[in-house]
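Scope of the values below: all heavy atoms of this structure, side chains included, with no hydrogens, waters or symmetry mates. Just so it is clear: chains get the letters A, B, ... in the order the sequence lines come, proteins before strands, and each one is counted from 1.
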Amino acid sequence: MSSLLAHLNEAQLAAVTLPAEHALILAGAGSGKTRVLTTRLAWLISTGQVSPQGVLAVTFTNKAAREMNARLSAMLPISTRGMWIGTFHGLCNRMLRAHHRDAGLPQAFQILDAQDQLAAIKRLLKTLNVDDERFPPRNLQHFVNGAKEEGLRPGEVDAHDEYSRRCVELYRAYEEQCQREGVVDFAELLLRCHELLERNQLIREHYQRRFRHILVDEFQDTNRLQYRWLGLLAGGGAAVFAVGDDDQSIYAFRGANVGNMAAFEREYRVRSLIRLEQNYRSHGNILNCANTLILNNRSRLGKQLWTDAGDGEPVRVYEALDDRQEAQWLVEEVRGLVREGWARSDLAVLYRSNAQSRVIEHALFSAGLPYRVYGGLRFFERAEVKHALAYLRLLENPADDGAFLRVVNFPARGIGARSLEALQDAARAAGTSLFEATAAVPGAAATRLAAFARLIQDLRAQTARLPLPELVEQVVERSGLAAHYQAEKEGQERLENLRELVNAAAVFLTEEGIGLDLPAALGVSAATEPAQVFALTDGSGNEPLPADVLAAPALTPLAAFLSHASLEAGDNQAGEGVDAVQLMTIHAAKGLEFDAVFVTGLEEGLFPHENAVAGTPRGPGRVTDPGEAGLEEERRLMYVAITRARQRLYLSFAQARMLHGQTRYSMRSRFLDELPEAALKWLTPRMQHRAQPAWSEGYRGAWEGIDPRSRGRAGGAHAGARQTSGSAVRSRGVGADTGRLDEHERRASQRFDRGIPWRVGQGVAHARFGEGVIVAIEGDGEDARVQVDFGRSGTKWLALSVARLEPVG
DNA sequence: TCGGTTCAGAGTATT
DNA sequence: TCTGAACCGA
């Protein structure tokens, strides 16, 4: 016990040992949040206040759930197998499998990932002959998920105009299609589980009695439905221990509702609000920047990070002429750090949007510096893996039309679009699945379709008794996928992934099956006869569930593996252990930390992103992120970026940047000017005004006047960067790139000379909008546009060939 | 059925 | 500028 609580600071200790009551823990970045959560769990169990079965701990990502499991089993001599620790989706999935009859689902229902869902919607629109120009599938997907996350079924959505009424109709049709095919999308997992608990008193009260303690991680990221789901489970008097940080709320755009924190405090009458403010990650100057920046946000619960680690190094700020030079400087800086003995994997380059990585990757690649980019396709999302999974899904559930269509003609079997149309007509007429309709379709296609159906049936019959990995292997072979990729000249990697899928199945059986181990989760042993199950229940001494409520706790290994594949998309890239510079978006960096961090592209329009600031309409009739709220979320994003750094932090921006094929000139980010000057060290001269006299002689003169030593060290002067660029590129033999920077510069200044007499930061007057300041310039000649901030009249893009602007001041 | 061309769109993303 | 999706011709 004493060792469990040792080394906790005062606030952490207070949080861990709170009595069984609702609590809100405001856990700042780097304040030991995970530690508090897991120690709380361990403390509750080891002091006998609750049994492992009486706890529900929920996270957003599998990674976080895994970490909690691992740390808990390291602290306590218990197996976390069967404990209710998992993601919202994972736990809902488990509950729906156990009570599938009451939830109105087949026990082996399949889970659609975002990609599958979009495909299902496209297919729906096609069958209904809906104009997908007027109803873009993506918008509909957004509409459906948005409604579900608000807990709304088609009948409950407010639809005032013709358009939204049509959307609701399509939502209804989509639901019917899913139900018919026995599939469930991500949002449906939560909504269906919520409805199960809401409508079924017996089941609800059972779980309410069972879970005495509910722990929630990243509470600021919960959406409204998740909040209500927690409310149902906690309704029987459980103590809710919510951990979160409103300053790190960066997912409003995908439905997160920070307001849940304040709502929780109010509605649950939280008496214990504990702030974890001591930071164990970063040095003082870095924290000082984070604290000062976030003071500019108005809607906060309030919190100030501190450290006893000392000020450390100043935060370095660098102004580049353009994005390429920014990248070049970064490469030089990374080289310097590596020379000094920093590990590459402890260095991170962060950016606001994925598109920014290209230039940086190019520079790193040319310099021969190993790097690793986060994001992109993950293992279970790869086309070949999805193909194999579609075959497996068909074995488990022949009604899955989506899976059917994905592989009926892959590898090619001469079943073309026309045959499929005939098949779909036949299925619709008979009211059956495509699979069933294969027997009913007339004509020449019939033989081929029948052969495909036979293939699936044979596979099902002949693999039914095989262990999971062998089953997968058989399917990969006999479906023809293996042969197909064998024959393809660039199919080797895909073949490799299919072999990896067999491996993943083997690993799943031995290690990862925990999540869907219903007998263990429900507190019964797998060997128990069904009749006995209901007497045993969950081991917590609660009243048992009646026999007709609890489903037979059996799920085939294949069905379990398929849910696993949908709920956990896997790693995005190999090379985890390699010593490489880490590249990622700021969003992806949340929760991570590095010795040194580069935050790049700190320019107005990019970061804060203009869409977030301006309140751009998104989809028909929808406006999100209006003004202030959007800006505050961007600022929290900056806060997250800053607090990733342990020892050294670099902030950089560029006067000019290639964006959508055009050069764009922007002001430096307002966030830079919200940082405390005393904590900063400018590597380039700090311009007084945020305005950047892009490419002007005066500016270049000032730049070249600074200490040559710091120029060299910083990767330097423009000329220096050019040199480095040239030699590095040449030595790698990518000669075509040599001197691009010069070319770029020449063109840029030419453009500048060719008659755009405007500078970013310059005051202008417009007949209608009044006076304003140019915040960005984009494009060339006839296409040239300027973005002007007119204050109260708003920020506008104006074509220079049209708008009449007068210089002011 | 594939491969080339054309065109629009371009923000962040877990399950 | 670059990408992905849709479309068309052989």
Side-chain angles (χ1 to χ4, degrees), chain A residues 58-65 86-93 111-118 122 132-133 136-138 142 145 148-149 184-191 193 217-218 221-223 225-226 249-256 323-324 350-359 362 374-376 378 380-381 409-418 488 515 563-570 572 584-591 601 605-614 616 618 624-625 630 633-634 636-638 640-641 657-664 740 744 779:
Chain A
V58 61
T59 63
F60 274 87
T61 63
N62 293 297
K63 195 174 157 209
T87 62
F88 278 99
H89 294 85
L91 297 177
C92 287
N93 178 44
I111 300 166
L112 303 185
D113 65 19
Q115 201 184 325
D116 299 331
Q117 185 189 30
L118 187 64
K122 283 183 180 165
D132 59 5
E133 298 249 313
R138 287 209 171 275
H142 195 249
N145 290 337
K148 289 189 181 187
E149 279 162 18
V184 154
D185 60 46
F186 284 132
E188 183 73 23
L189 282 172
L190 284 157
L191 181 53
C193 187
D217 190 19
E218 305 277 14
D221 289 341
T222 51
N223 65 31
L225 183 57
Q226 286 158 342
S249 164
I250 55 173
Y251 285 115
F253 71 91
R254 68 171 198 215
D323 47 352
R324 307 183 111 246
L350 309 184
Y351 34 81
R352 180 57 184 50
S353 65
N354 286 306
Q356 288 166 253
S357 78
R358 188 163 300 134
V359 180
H362 180 84
Y374 283 60
R378 325 226 325 228
F380 286 112
E381 292 166 354
N409 197 37
F410 193 94
R413 307 188 166 85
I415 300 172
R418 241 176 299 126
E488 211 172 57
S563 333
H564 166 81
S566 307
L567 289 174
E568 179 150 19
N572 68 42
M584 66 193 85
T585 63
I586 300 167
H587 282 90
K590 189 174 162 225
L606 192 61
F607 192 19
H609 198 281
E610 58 187 339
N611 292 358
V613 175
T616 327
R618 263 197 223 160
T624 49
D625 297 343
E633 178 145 321
E634 294 288 297
R636 290 192 292 269
L637 197 55
M638 179 68 181
V640 168
R657 176 176 300 276
M658 264 323 215
L659 216 66
H660 308 331
Q662 291 185 317
T663 305
R664 177 188 166 118
R740 271 244 215 121
H744 174 64

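Partners of A:Thr222 according to the side-chain hydrogen bond (donor to acceptor under 3.5 Å, both in side chains) rule, which considers only residues two or more places apart in sequence or in another chain, are A:Asn260. Among residues two or more places apart in sequence or in another chain, the salt bridge (Lys or Arg N to Asp or Glu O under 4.0 Å) test is passed with A:Asp116 by A:Lys386, A:Arg393. Considering only residues two or more places apart in sequence or on other chains, A:Thr585 meets the side chain to side chain contact (heavy atoms under 4.5 Å, CB included) condition with A:Tyr351, A:Asn354, A:His587, A:Ala588. A:Phe60 pairs by the ring-ring contact (aromatic ring centres under 6.0 Å, His included) definition with A:Phe88, not counting sequence neighbours. In this structure A:Arg664 satisfies the salt bridge (Lys or Arg N to Asp or Glu O under 4.0 Å) test together with A:Glu610, A:Glu778, sequence neighbours excluded. In terms of the side-chain hydrogen bond (donor to acceptor under 3.5 Å, both in side chains) criterion, A:Arg358 has no residue partners (sequence neighbours excluded). Under the salt bridge (Lys or Arg N to Asp or Glu O under 4.0 Å) criterion, A:Glu634 pairs with A:Arg352, sequence neighbours left out.
Minimum heavy-atom separation, A:Asn145 to A:Ala187: OD1-CB, 4.1 Å. Nearest heavy-atom pair, A:Gly90 versus A:Leu567, reported as atom, atom and distance to 0.1 Å: CA-CD1, 4.1 Å.
Distances shorter than 4.0 Å separate none of the side-chain N or O atoms of A:Arg378 from OP1 or OP2 on B:dA13. In terms of phosphate contacts, A:Ser353 brings no side-chain nitrogen or oxygen within less than 4.0 Å of OP1 or OP2 of B:dA10. A sub-4.0 Å separation between OP1 or OP2 of B:dT15 and a side-chain N or O of A:Asn145 is absent. Distances shorter than 4.0 Å separate none of the side-chain N or O atoms of A:Asn62 from OP1 or OP2 on B:dT14. Between A:Asn354 and B:dT12, a side-chain N or O to OP1/OP2 separation shorter than 4.0 Å is present.
Between A:Leu606 atom CG and B:dA10 atom P the separation is 15 Å, expressed in whole Å. Atoms CE (A:Met658) and C1' (C:dT3) sit 16 Å apart, rounded to a whole Å. When the P atom of B:dT14 is taken as reference, atom CD of A:Glu381 falls 9 Å away, rounded to whole Å. Put simply, CG on A:Leu190 is 13 Å from P on B:dT15, counting in whole angstrom units. Computed from coordinates, the A:Asp221 CG to B:dA13 P distance equals 13 Å when rounded to whole Å. One can place OH of A:Tyr351 at 9 Å from P of B:dA13, the figure rounded to the nearest angstrom. A:His609 has its NE2 atom 9 Å from the C1' atom of B:dT12, to the nearest Å. Between A:Phe88 atom CZ and B:dA13 atom P there is a gap of 20 Å when expressed in whole angstrom units.
Checking B:dT15, C:dT3, B:dA13 against every side-chain atom of A:Arg358, the shortest atom distance belongs to C:dT3. Taking only side-chain atoms of A:His587, from C-beta outward, the nucleotide of B:dT15, B:dG11, B:dA13 with the closest atom is B:dA13. The listed nucleotides are B:dT15, B:dT12, B:dG11; the one nearest the side chain of A:Asn611 is B:dG11. Of the listed nucleotides (C:dT1, B:dA13, B:dT14), B:dA13 has the atom at the smallest distance from the side chain of A:Phe253.
With DNA chain B read from its 5' end, the first of the two nearest nucleotides for A:Phe186 and A:Arg352 is the one closest to A:Arg352. Between A:Ala187 and A:Ala355, the residue anchored closer to the 5' end of DNA chain B is A:Ala355, taking for each the nucleotide with the nearest heavy atom.
The pair A:Asp221-A:Lys590 meets the salt-bridge criterion, since a charged nitrogen lies less than 4.0 angstrom from a carboxylate oxygen.
Using atom P as the reference point in both B:dA13 and C:dG4, the two lie 15 Å apart (nearest Å). The P atoms of C:dA5 and B:dT12 are separated by 16 Å, rounded to the nearest whole Å.
Inter-residue side-chain proximity for A:Arg657 and A:Gln356 is flagged as met; some heavy-atom pair is nearer than 4.5 Å.
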Please write out the pairs of protein N or O atoms and N or O atoms of nucleotides 7-10 of chain C separated by less than 3.5 Å, giving the distance to one decimal.
none

Please write out the pairs of protein N or O atoms and N or O atoms of nucleotides 1-8 of chain B separated by less than 3.5 Å, giving the distance to one decimal.
{"residue": "B:dT1", "atom": "OP1", "partner": "A:Asn409", "partner atom": "ND2", "Å": "2.9"}

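For B:dG11, the base has no donor-acceptor partner in the side chain of A:Gln356 [N/O atoms by modelled type, under 3.5 angstrom].
When heavy atoms are screened at a 4.0 angstrom cut-off, A:Gln117 is found touching no nucleic acid atom at all.
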